[in-house]
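Small disclaimer: the values here were computed from a predicted structure and weren't measured.
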Amino acid sequence: MPHELPKAYDPTAIEDHWAEFWVRENLFAQPTPEPGRDAGQSFVILLPPPNVTGRLHMGHMLNQTEMDILTRWRRMCGDRALWVPGTDHAGIATQMMVERQVVSEGSSRQKLGREKFVERVWEWKRHYGGAILDQMKRLGASVDWSREYFTMDERLSVAVREAFVKLHEQGLIYRGAYIVNWCPRCQTAISDLEVVYDEHKGHLWEIRYPVIGEDGKDSGEFLTVATTRPETMLGDTAVAIHPEDERYTHLHGKKLRLPLVDREIPIILDEWVSREFGTGAVKVTPAHDPNDFALGERHHLPSINVMDDTGHVNENGGKYAGLDRYVARKEIVQSLEERQLLAGIKDHVHNVGHCDRCKTVVEPRLSTQWFVKIQPLADKAIEAVEKGHIKFTPEMYAKTYFEWMRNIHDWCISRQLWWGHRIPAWHCANCHKVTVAREDPAACAHCGSEKITQETDVLDTWFSSGLLPVSVFGWPKISQETRADFDAFYPTNLLVTGFDILFFWVARMIMLGCWFAGDVPMADGRPRELKDAVPFREVYIHALVRDANREKMSKTKGNVIDPIEIVKQYGTDAVRFTLASMASPGTDIAFNVARTEGYRAFANKIWNAARFIFMNVDKAAEAGISVDRSVLGAMPTVGEDAPLEARWIVAELHATAARVNESLANYRYDDAANAIYQFFWGSFCDWYLEIVKLRLNFEKQQVGESAGQLVSGNEAGEELRSPRSSNARDLRRPAEAALTTLVSVFEAALRLLSPFMPFLTEELWLAVYDGQPPAKSIALTRYPQADGAAKEQAPIEEMELLQNLIVEVRALRKEIGVEEKASTPIEVRTHATARRIFEANHDIVERLARVSEMRIAHEISAGLAKHHATAFDVAVVYERKVDAAAERERLTRDIAKYEKGLAAAERQLGNEGFLAKAPAPVVEGLKKQAGETRTLLEKARAALESLPKG
RNA sequence: GGGCGGUUAGCUCAGUUGGUUAGAGCGCCUGCCUUACAAGCAGGAUGUCGGGGGUUCGAGUCCCUCACUGCCCA
């Protein structure tokens with residue numbers, strides 16, 4: 001059956017097909033292992049669940065490419081590989097999106113009511129929620145789709161509820177009025193992490209507060225306070241000064257009259273106050289500032305909340321009630337000015353917190369929320385990393401992790417939303433106590449009253465995603481019958497993610513995982529130690545994908561690259577390879593399509609190599625020669641009598657496989673990708689394919705044409721024989737052997753490449769087997785592993801010598817202007833070892849350097865242009881005059897280079913300290929190199945002198 | 001304000017415990033449609049490794065310092 005491939009590789013023609021095939025065939029499903037049967041080593045990765053509302057961006061693609069490469073690689077290495085996909089319900093984001101939709105229909109969330117609104121969100125999810133995973137399918141992610149989860153699934157909701165109840169039982173959940181970050185637009189509390197700070201040019205208003213005298217009337221004196229948020233003065237309950245601030249000593253114990261509100265407030269003394277900032281007197285608003293709240297606690301001050309859920313002044317604001325906070329600010333400043341209570345306005349740059357989700361300025365506000373007392377969980381999480389149970393790559397991120405973990409604040413987990421896991425707590429109208437329960441209670445657990453209502457708040461989205469490593473494998477319902485998944489797959493091996501969710505997600509998973517998995521005994525019944533309670537053993541943090549100019553991609557800048565678009569243009573494989581080759585740990589990726597173009601060319605190169613190979617396989621078949629398929633699928637080997645190029649390419653393949661495996665083990669995707677690229681293009685295509693053309697001679701059965709004939713130089717006419725000449729009686733055998741090596745090396749190289757370029761390799765691999773593949777997919781074959789014995793140096797060194805000769809001849813030809821098509825004789829002066837190699841492989845030199853005849857000579861004939869290497873001198877026999885000026889320039893440059901190098905080497909070798917202290921191999925290496933440089937220098941100098949003058 | 005990075009060829013980046021004359025891709029220059037591939041082949045040019053100081057026989061690599069730059073936290 002002839003293989004017919006189009007001349008240029010068109011990824012769009014095959015990618016959709018394979019993407020669908022992999023999903024349809026459920027190729028990457030990893031079934032639950034049979035209990036009690038050790039099915040080998042697991043490799044488990046959890047996909048960081050994208051928001052269900054999300055669209056795939058470049059960051060996702062990088063993340064997924066890295067995970068897919070590792071998963072495919074481990075799977076091919078024989079591990080029980082499992083990559084679990086899913087989506088996050090993304091509380092605020094999803095609620096906002098559906099809310100907008102509802103509003104556009106003329107309705108509203110409130111009009112619909114909670115139940116109907118939540119049903120609408122589910123409906124939305126059913127229709128559009130799969131979009132991002134569909135995009136993922138298109139990228140070829142080798143996940144187990146049968147295990148797809150959604151954080152609001154029943155199964156995962158049970159885990160959320162169990163976690164909450166358990167923490168509550170352990171006294172680690174509390175509810176109370178505290179200052180939280182309030183988003184007036186989302187109308188919910190948000191956690192510290194969800195606040196992003198932006199530098200903002202604002203003002204510092206200085207307000208004069210009248211001091212009340214002994215008589216209870218205004219004394220005529222004022223205390224001036226400075227504030228960036230004058231509207232919060234409505235809620236002031238004190239003014240604080242530093243106890244040792246001499247400017248204000250006389251005011252100790254006095255009271256002030258709060259302007260506009262006309263409330264008496266005390267002057268309090270606290271060392272927290274900075275004497276340098278503003279006027280050294282600070283207004284205290286416990287209900288609207290975290291520092292003030294702490295001050296209020298210390299000094300037992302009342303808290304007066306003056307803001308409602310929407311950021312408008314509430315009834316506590318007197319005549320300002322109902323005004324938006326910024327309108328109120330304006331009016332208050334104006335009123336103060338009218339009353340001559342405004343001492344000044346200064347420009348002031350400060351950081352303002354914004355809602356991570358909607359960018360609205362956050363209002364710190366006193367409000368009743370649910371919190372997790374985090375310290376006990378954090379302690380375990382710190383220990384897990386300190387003791388090395390979890391390893392970070394790059395290691396640097398462990399520092400960031402510790403920094404945050406050691407300064408952690410209690411986690412505000414309640415959100416005033418409708419979309420999410422509703423907090424399993426019931427308020428009693430009778431005794432006002434709270435009942436927290438696994439099953440919905442019918443009555444108050446404290447007084448038995450049936451007048452109970454469920455808490456309306458839902459949990460922070462990260463509470464459920466933080467539980468994923470335990471919940472996707474069945475926690476908390478882990479019984480004798482249901483524990484196989486947990487035993488086989490927990491802890492997961494690796495988490496691959498961006499640093500942006502290091503605290504949001506990674507840290508929370510570590511805390512919750514260590515906390516809850518610790519209660520699950522090991523498969524053999526032993527108690528689980530911390531090292532096995534961790535949610536993952538390693539964390540790989542990848543960089544940010546930026547645009548080609550290193551700018552952060554953002555919608556407002558308009559520099560966002562849509563991965564799907566770029567994939568359509570260049571092919572998924574090329575984009576994946578771009579990301580992999582640039583994914584050096586710790587460095588951001590400047591995504592440059594020029595690189596992608598280069599890797600599309602790489603894909604095309606491989607495609608065409610395949611065309612060449614198939615063409616020859618077909619030609620051979622016509623001559624009755626077929627490839628021995630039984631040798632495919634393993635690591636290729638060759639006998640000692642095989643031609644140099646065969647021994648060389650096999651050695652290179654083994655060396656490359658070793659390097660790729662090692663690089664991947666260290667998350668060096670860039671090293672691995674570059675090694676494969678170099679092998680495929682630089683070694684396999686540029687050298688091996690060109691040489692192997694000499695051997696693929698199927699049609700003609702004549703003898704002695706290419707083998708055994710060698711023109712000797714002036715060596716007394718000695719006839720030299722090629723080692724292959726003994727096989728000359730049957731030319732089919734070497735051709736068949738060459739074809740087999742060619743195909744088997746190519747097949748192995750495809751497997752090596754397949755985690756990086758799954759589509760192209762799938763297509764070509766199947767073509768290699770011509771409809772009779774040993775597996776359904778290349779992804780289910782074995783990954784090439786280097787065999788120590790096959791990694792020999794000799795063929796690599798011999799080949800290098802040959803390559804040097806060929807390159808020198810090509811350069812020489814270019815310099816003296818030999819036409820590309822012309823073949824010329826060459827003269828080579830060399831020592832015995834190199835001579836043997838050159839002579840044995842003269843046909844290679846002849847073909848690759850367009851040499852008509854290789855003459856081994858004692859001396860290069862006078863007048864010929866020549867080049868020098870340490871092992872040989874070579875000249876091209878050609879009548880055209882040497883460009884003496886250009887030659888002089890080149891030699892002068894070379895001489896300068898050699899002199900510099902030699903001087904440096906001799907300086908070191910003359911240094912007694914170096915000789916005494918440097919390790920012997922280094923000294924030996926330097927001596928050898930100095931010797932070689934000296935040879936080259938002498939040769940170059942002689943050549944320069946022998947050049948015709950002028 | 002605290003913490004953590006980065007600075008290597010025109011561009012984007014490698015350079016793992018200090019060890020020979022610092023690499024790759026892209027781009028650039030020159031010549032080739034050599035029937036696998038012009039998305040190609042062959043040849044070529046390109047660096048005071050941010051500045052300064054130190055440790056060492058030896059520093060792109062370790063230490064100090066300065067400059068510029070990015071990120072995280074408050």
Gap in Å between the two [atom1] atoms, one belonging to [N] and one to [M], rounded:
{"N": "B:G10", "M": "B:G5", "atom1": "P", "result": "28 Å"}
{"N": "B:U12", "M": "B:A59", "atom1": "P", "result": "29 Å"}
{"N": "B:G15", "M": "B:U56", "atom1": "P", "result": "28 Å"}
{"N": "B:C57", "M": "B:G40", "atom1": "C1'", "result": "49 Å"}
{"N": "B:C63", "M": "B:G1", "atom1": "C1'", "result": "26 Å"}
{"N": "B:U16", "M": "B:G70", "atom1": "C1'", "result": "24 Å"}
{"N": "B:G23", "M": "B:U46", "atom1": "C1'", "result": "13 Å"}
{"N": "B:U48", "M": "B:U8", "atom1": "C1'", "result": "12 Å"}

In whole angstrom, give the distance that lies between atom [atom1] of [X] and atom [atom2] of [N].
{"X": "A:Ile816", "N": "B:G44", "atom1": "CD1", "atom2": "C1'", "value": "16 Å"}
{"X": "A:Tyr669", "N": "B:A14", "atom1": "OH", "atom2": "C1'", "value": "17 Å"}
{"X": "A:Phe591", "N": "B:G25", "atom1": "CZ", "atom2": "C1'", "value": "14 Å"}
{"X": "A:Phe602", "N": "B:C26", "atom1": "CZ", "atom2": "C1'", "value": "16 Å"}
{"X": "A:Tyr397", "N": "B:C73", "atom1": "OH", "atom2": "P", "value": "12 Å"}
{"X": "A:Leu502", "N": "B:C71", "atom1": "CG", "atom2": "C1'", "value": "13 Å"}
{"X": "A:Asn407", "N": "B:C4", "atom1": "CG", "atom2": "C1'", "value": "14 Å"}

Check this one for me: any side-chain N or O of [X] less than 4.0 Å away from OP1 or OP2 of [N]?
{"X": "A:Lys693", "N": "B:U34", "answer": "no"}
{"X": "A:Arg850", "N": "B:G43", "answer": "no"}
{"X": "A:Lys399", "N": "B:G5", "answer": "yes"}
{"X": "A:Arg600", "N": "B:A39", "answer": "no"}
{"X": "A:Lys7", "N": "B:U35", "answer": "no"}
{"X": "A:Trp681", "N": "B:A24", "answer": "no"}

Does the structure show a Watson-Crick or G-U wobble partner for [N], both distances under 3.5 Å? Name it, or say none.
{"N": "B:U61", "value": "none"}
{"N": "B:U48", "value": "none"}
{"N": "B:G40", "value": "B:C32"}
{"N": "B:G1", "value": "B:C73"}
{"N": "B:A67", "value": "B:U7"}
{"N": "B:A24", "value": "B:U12"}

Between A:Arg934 and A:Glu906, does at least one N-O distance fall below 4.0 Å, as a salt bridge requires?
->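 Result for this pair is yes, salt bridge flagged.
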
A:Asn592 and A:Arg595: CA distance, side-chain angles, deciding distance, side-chain hydrogen bond (donor to acceptor under 3.5 Å, both in side chains) verdict | CA-CA 6 Å; A:Asn592 195 335; A:Arg595 286 285 286 257; over 6 Å; no

Would you mind telling me which residue lines up with the more 5' stretch of RNA chain B, A:Trp404 or A:Asn666, judged by nearest nucleotide?
-> A:Asn666

With RNA chain B as reference, determine whether A:Tyr599 or A:Ile613 sits nearer its 5' end, using the nearest nucleotide of each.
->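 The answer here is A:Tyr599.
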
Closest to the [X] side chain: [options]?
{"X": "A:Glu820", "options": "B:U34, B:G43, B:C72", "result": "B:U34"}
{"X": "A:Ala601", "options": "B:C26, B:G40, B:A42", "result": "B:G40"}
{"X": "A:Phe499", "options": "B:C72, B:G5, B:G40", "result": "B:C72"}
{"X": "A:Asn604", "options": "B:A38, B:A39, B:U16", "result": "B:A39"}
{"X": "A:Asp686", "options": "B:A14, B:G31, B:C41", "result": "B:C41"}
{"X": "A:Glu690", "options": "B:A36, B:U12, B:C4", "result": "B:A36"}
{"X": "A:Ala609", "options": "B:A42, B:U12, B:A36", "result": "B:A36"}
{"X": "A:Met615", "options": "B:A36, B:G25, B:C72", "result": "B:A36"}
{"X": "A:Met396", "options": "B:G31, B:G25, B:C4", "result": "B:C4"}

Is [X] touching bases, backbone alone, or none of the nucleic acid, heavy atoms closer than 4.0 Å?
{"X": "A:Val807", "result": "sugar-phosphate"}
{"X": "A:Arg810", "result": "sugar-phosphate"}
{"X": "A:Tyr9", "result": "base"}
{"X": "A:Leu689", "result": "base"}

Just how far is it from atom CE of A:Met615 to atom CG of A:Leu696, taken to the nearest 0.5 Å?
->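 Those atoms lie 8.5 Å apart.
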
Here the gap from A:Ile374 atom CD1 to A:Met511 atom CE, rounded to the nearest 0.5 Å, amounts to 4.0 Å

Geometric cation-pi criterion A:Arg406 and A:Phe402, 6.0 Å radius, 45° cone |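 Yes.
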
Checking ring-ring contact (aromatic ring centres under 6.0 Å, His included) against A:Phe577, which of A:Tyr570, A:Tyr599, A:Phe680 comes through?
->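 By the ring-ring contact (aromatic ring centres under 6.0 Å, His included) criterion, A:Phe577 pairs with just one of A:Tyr570, A:Tyr599, A:Phe680: A:Tyr599.
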
Taking the six-membered ring for Trp, are A:Trp681 and A:Tyr677 parallel (under 30°), tilted (30 to 60°) or perpendicular (over 60°)?
-> tilted

Once the angle between the rings of A:Tyr669 and A:Tyr667 is folded into 0 to 90°, is it parallel (under 30°), tilted (30 to 60°) or perpendicular (over 60°)?
->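 Tilted, since the angle between the ring planes falls between 30° and 60°.
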
When only distance counts, do a donor and an acceptor, one from the side chain of A:Glu403 and one from the base of B:A74, lie under 3.5 Å apart?
-> no

Looking just at side-chain N and O atoms, do A:Glu747 and A:Trp765 make a donor-acceptor pair shorter than 3.5 Å?
-> yes

